[in-house]
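Quick caveat: nothing in here was measured; it's all calculated off a predicted structure. Hydrogens, waters and symmetry mates play no part in the numbers below; they use all other heavy atoms, side chains included. We name chains A, B, ... by the order of the sequence lines, and we start the count at 1 in each one.
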Amino acid sequence: MNYWLLKSEPDSFSFSDLVNAPDKRTIWDGVRNYQARNILRDDIAQGDLAFFYHSACKEPAIAGICRVTRTGLADPTAFDNSSPYFDPRSEQKNPRWITIEVEAVAALKPVITLKSMRQDSALQDMTLLSRARLSVQPVSAAEWQHILSQTVQTPV
DNA sequence: GCCAACGTTGGC
DNA sequence: GCCAACGTTGGC
C-alpha cells in the first residue's frame, strides 16, 4: 500500500465538504496536469491512503485522511462543456483525463500546517516542499507516520 | 494582490 | 525539437 497527498483549494472543495458529501466520497476531478494525471492513472491503487491538503488559502495544511475507493475513472468534467475543466480533446472512447474516487477516513486535530512541515527536519525531503505546484504527489511511509505522530486522527 | 516558479502552447 | 510567450498555481 502506498501513501499520497492530494491538494484542493478549500474555498472550492474542503475536507469538510468531503465529509459532508454523499457516502463521504467524491470523484477527484479537474486535474489537468500530466504528471499528476499519470500518478492518478498509473500509480495510485484502490485501498491506498492519502492526505487531504488545503492549498491556496489562509493556512495551507493537511486537514485529513482519505482512502482510495475506485481507480481508472474517466474524469467526467472533461466531457462537460459547461465545466471549467471541459477539454474537447478528451474523447469518450479514449479519455485524456483519468482520475480516482476517494472517501473521507479521518480529520486531523490539529491540522498539520505547511509552516510546521517546513520547520520539521524529518520532512525536508517531502515532495510538497520542493514541488509546490504538483497537485497529486507521493508521500513516503516514514513521512506519513511522522506526520501522524504529530496529531490525532478523528474518525469521520 | 504580488510575483516566483513552472507547465503548456504554438510558431518556426 | 527549440524556446519565447503566455497562463496558472500557490505561498506570502
Side-chain angles (χ1 to χ4, degrees), chain A residues 2-21 25-44 48-68 71-102 104-140 142-151:
Chain A
N2 292 306
Y3 301 104
W4 310 96
L5 182 146
L6 304 174
K7 296 201 293 189
S8 184
E9 299 186 17
D11 291 345
S12 302
F13 191 81
S14 68
F15 186 70
S16 296
D17 293 330
L18 179 61
V19 170
N20 292 323
R25 295 186 183 196
T26 193
I27 304 289
W28 204 260
D29 59 23
V31 171
R32 293 294 179 270
N33 168 283
Y34 288 102
Q35 191 174 356
R37 188 281 310 269
N38 292 348
I39 294 171
L40 289 168
R41 184 188 62 189
D42 303 335
D43 299 335
I44 298 186
D48 282 355
L49 295 173
F51 287 137
F52 191 116
Y53 177 81
H54 285 165
S55 68
C57 58
K58 194 165 187 176
E59 185 183 59
I62 296 169
I65 297 173
C66 49
R67 179 189 298 112
V68 177
T71 60
L73 307 173
D75 184 334
T77 62
F79 306 127
D80 175 2
N81 64 12
S82 69
S83 167
Y85 301 117
F86 176 62
D87 184 350
R89 301 169 300 180
S90 186
E91 301 166 30
Q92 292 275 358
K93 287 186 176 176
N94 183 24
R96 179 175 294 233
W97 303 109
I98 302 296
T99 191
I100 62 175
E101 179 192 70
V102 298
V105 172
L108 301 188
K109 298 189 179 174
V111 301
I112 301 294
T113 63
L114 176 62
K115 186 180 177 191
S116 71
M117 289 186 273
R118 283 199 191 288
Q119 292 169 347
D120 190 332
S121 60
L123 299 177
Q124 292 311 296
D125 292 336
M126 277 193 84
T127 304
L128 185 65
L129 303 187
S130 56
R131 300 288 319 282
R133 294 180 54 188
L134 185 60
S135 64
V136 177
Q137 50 181 261
V139 174
S140 75
E143 290 160 352
W144 180 271
Q145 285 152 20
H146 182 82
I147 287 167
L148 290 183
S149 76
Q150 313 296 306
T151 184

With no hydrogens and no angle check, do the side chains of A:Y34 and A:R96 hold a donor and an acceptor under 3.5 Å apart?
-> yes

So the contacted stretch of DNA chain C, first to last nucleotide with an atom under 4.0 Å from a non-hydrogen atom of chain A, runs from C:dG7 to C:dC12

Touch class at under 4.0 angstrom, heavy-atom based, for A:R37 against every strand present = nothing

For A:R133, all residues meeting salt bridge (Lys or Arg N to Asp or Glu O under 4.0 Å), sequence neighbours excluded = none

Exercise: do A:S14 and A:D17 side chains pair donor with acceptor under 3.5 Å | yes

About how many Å separate CZ of A:F51 and OH of A:Y3, when rounded to the nearest 0.5 Å?
-> 9.0 Å

Can you tell me if CZ on A:R67 sees more than 12 non-hydrogen neighbours from other groups inside 6.0 Å?
-> no

